[in-house]
2 protein chains.
Amino acid sequence: MQSREIHLKRRPVGEPVAEDFAEMLVDVPEPGPGEVRVRNKWMAVDPAMRGRMSDAKSYVPPFRLDAAMEGPAIGEVESSNDPDFAPGDLVFSRLGWREAFTAPASALRKRPRGDLPSEAWLGYAGSTGLTAYAGLLRIGGLKPGDVVFVSAAAGGVGSLVAQIARLKGHKVIGSAGGARKAAFLRDTLGLDGVIDYREEPSLTKALAREVKALGADGIDLYFDNVGGDHLQAALAVANPHARFAICGMISQYNVTDKPTVPRNLTQIMVKKLTLKGFIMSDHLDLEPHLVADMTAWHKAGLLKEVNSVQEGIGHALDAFHGLFKGENLGRSLVRL
Amino acid sequence: MQSREIHLKRRPVGEPVAEDFAEMLVDVPEPGPGEVRVRNKWMAVDPAMRGRMSDAKSYVPPFRLDAAMEGPAIGEVESSNDPDFAPGDLVFSRLGWREAFTAPASALRKRPRGDLPSEAWLGYAGSTGLTAYAGLLRIGGLKPGDVVFVSAAAGGVGSLVAQIARLKGHKVIGSAGGARKAAFLRDTLGLDGVIDYREEPSLTKALAREVKALGADGIDLYFDNVGGDHLQAALAVANPHARFAICGMISQYNVTDKPTVPRNLTQIMVKKLTLKGFIMSDHLDLEPHLVADMTAWHKAGLLKEVNSVQEGIGHALDAFHGLFKGENLGRSLVRL
């Protein structure tokens, strides 16, 4: 069996270019004792992969040069030399960027078949879903009557935050950049307030306007994917005792000398706000609750299952580049 | 009976000057039905009084012109026309800035005599103490092994935060401005690490140095009285999951156009930090615990009872001005 896979050939400087990568055709060996051979069905790309292409010190080690990159993937067991796995099993791994692989059974986690489409395990039933779910419910402490604001609401995490909050009966204001995304928030997700931040000279005024249109005094919960101006607007328009779940500050990632910083941090004190940073992996105990809720919503047809899909390993890098063009809706996937 | 009291004659512009105030001699009437006549023993001054001298919109109404100002005071009942109060009772009121007054019984709260010195009810057993206690224990969630950092550690609230944390067995790093305050933190309060921020080109480096000297990796709890550079240093030197109790941001109060803002807010996310603003009056349920702990520590001689004291109503304005010269240690009081 052979597999095409994407190797990192050299570490990108700035924007990654085609020459930084190579598509290789490799043999996928028969599984030895304790090993399993898997044919990937889907892989996901996310912005954090850019970090691993560099060799800067970080939480996760950098990708190795001249080897296939890594990333979340869902696949099907093709043959197994391990008692815990059988052909046809659906498995999650970090061995994306390749069509097939042989790996120790310990690198795989079985996922149930049937209730959900396979790709859901890379999206709303996977770590993207858990980030939204834990951030909104546990970190943000969503409670009855809360008005919710979510930035990057058309993205993988943001679109789930918005939907979960709406499914739980809340008014939700979402922000995103560009008319297409704004239309998606309004028409597809049905949000109660929508901000196209590219069109707004003042995010604070825009947020205040959307809050007022809902007949509310302010926001009670802010799910922050962006930081900077968005955080400043949320601080300005927060109700007393509002909670901020700090999930990402994508506006600040590539900024070194002059980050855009909120000038109104005293609101934390004046309004008795709580800001909490978090990481999904601290909340794995919520996974069964996430899967139960998502499965029920999926079966009831209540979930908008939003993915930006590229077809085939040959377009995996296009999917990755698309992340930085700010044009993807929902989770960015590649069907393998 | 007569009383000297300090009236606000006009609203100060910028730094208050002598002409903004007048000392008046007034008659203090016999108490009518439901009224009590009180001779003040101590009053306290705090920076928030500056706000009430202006007529800007705020949480509390501005001081009236041509009337005695207000502020926390502890006094003794001189005569009473209310069944709940008797001569000799110790009472707390908001009727400071005067030597004596007659007021409805509802303006007074009785305080026990005996266990604590009278002025303690304006300091460690009063709202200053409750701010420190609630912020450190409830908002900051102090837990075994925490390394604590407190800014403005020589001030009324900060010196209590530092002491409570030390009495509960924690390593405490304090910052303050000037050699006299730094010596106070080291020699009187016995803090484990001391930063004189006026002497440090980089607060972050100074805090990292003090943390390292304790053999610690970072701080676990930051009690913020200052904001700005101090908050930035605390974010930089925080351990993962550290908690920040945001009590004040005095460095930002008089800044309108270019506040000093931390450039490293992404640390909230990266380190999974919790920042919580709070106000003492949301935590009045902790008052009995505060008083019990403070009384025990006082009796055991474990508390440094730090006040900057002026003598007599004639020096009340000196006490107030002293707040802004940054030279007061602990709580600023006037003995009446």
Side-chain angles (χ1 to χ4, degrees), chain A residues 48 51 57-59 131 134-135 138-141 222-232 234-235 238 240-283, chain B residues 48 51 58-59 131 134-135 138-141 157 222-232 234-235 238 240-283:
Chain A
K57 196 182 149 196
S58 179
Y59 283 85
T131 302
R138 178 175 281 170
I139 301 296
Y222 173 45
F223 193 105
D224 190 11
N225 289 306
V226 173
D229 287 348
H230 274 82
L231 180 54
Q232 176 165 299
L235 288 164
H241 294 108
R243 291 90 57 212
F244 288 26
I246 310 292
C247 178
M249 291 192 176
I250 200 168
S251 72
Q252 307 300 303
Y253 290 168
N254 300 314
V255 184
T256 50
D257 54 329
K258 273 197 124 190
T260 309
V261 277
R263 286 160 172 248
N264 55 350
L265 288 177
T266 52
Q267 296 302 314
I268 298 174
M269 176 189 67
V270 172
K271 293 179 175 173
K272 299 150 261 171
L273 306 177
T274 299
L275 281 69
K276 259 177 132 93
F278 73 104
I279 189 166
M280 175 273 300
S281 52
D282 284 346
H283 304 281
Chain B
S58 179
Y59 283 85
T131 302
R138 176 174 284 171
I139 303 296
V157 171
Y222 172 45
F223 192 105
D224 190 11
N225 290 306
V226 173
D229 287 348
H230 275 82
L231 180 54
Q232 176 165 299
L235 287 164
H241 295 106
R243 289 91 56 213
F244 287 27
I246 309 292
C247 178
M249 291 193 175
I250 202 169
S251 72
Q252 306 300 305
Y253 291 167
N254 300 315
V255 183
T256 48
D257 55 329
K258 273 196 124 190
T260 309
V261 276
R263 288 160 171 247
N264 56 349
L265 288 177
T266 51
Q267 295 302 311
I268 297 174
M269 178 188 65
V270 172
K271 294 178 173 172
K272 299 151 262 173
L273 307 177
T274 299
L275 282 70
K276 257 178 133 91
F278 72 104
I279 189 166
M280 175 273 299
S281 52
D282 283 345
H283 304 281

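In what follows, every chain begins at residue 1, and chains take the letters A, B, ... in the order their sequences are listed.
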*asked:* Which residue in the set B:I246, B:D224, B:L275 passes side-chain contact (heavy atoms from CB on, under 4.5 Å) when paired with A:M269?
replied: B:I246

*Within a strict 4.5 Å, meaning less than it, do heavy atoms of the B:H241 and A:D282 side chains meet?*
yes

*asked:* Run the ring pair (Phe, Tyr, Trp, His ring centres under 6.0 Å) test against B:F244 and tell me which residues pass, sequence neighbours left out.
replied: B:Y222

*asked:* Tell me the closest heavy-atom pair linking B:I279 and A:K272, and the distance in Å.
replied: CG2-CD, 3.3 Å

*Which pair of heavy atoms, one from A:P262 and one from B:V261, lies closest together, and at what distance?*
O-CG1, 3.0 Å

_Contacting moiety of A:I139, where chain B heavy atoms sit under 4.5 Å_ = neither

*chain B contact via A:L273 - side chain, backbone, both or neither, heavy atoms under 4.5 Å*: backbone

*Mind checking side chain to side chain contact (heavy atoms under 4.5 Å, CB included) for A:R243 and listing every partner two or more places apart, or none if nothing turns up?*
A:K143, A:D146, A:D220, A:L221, A:T274

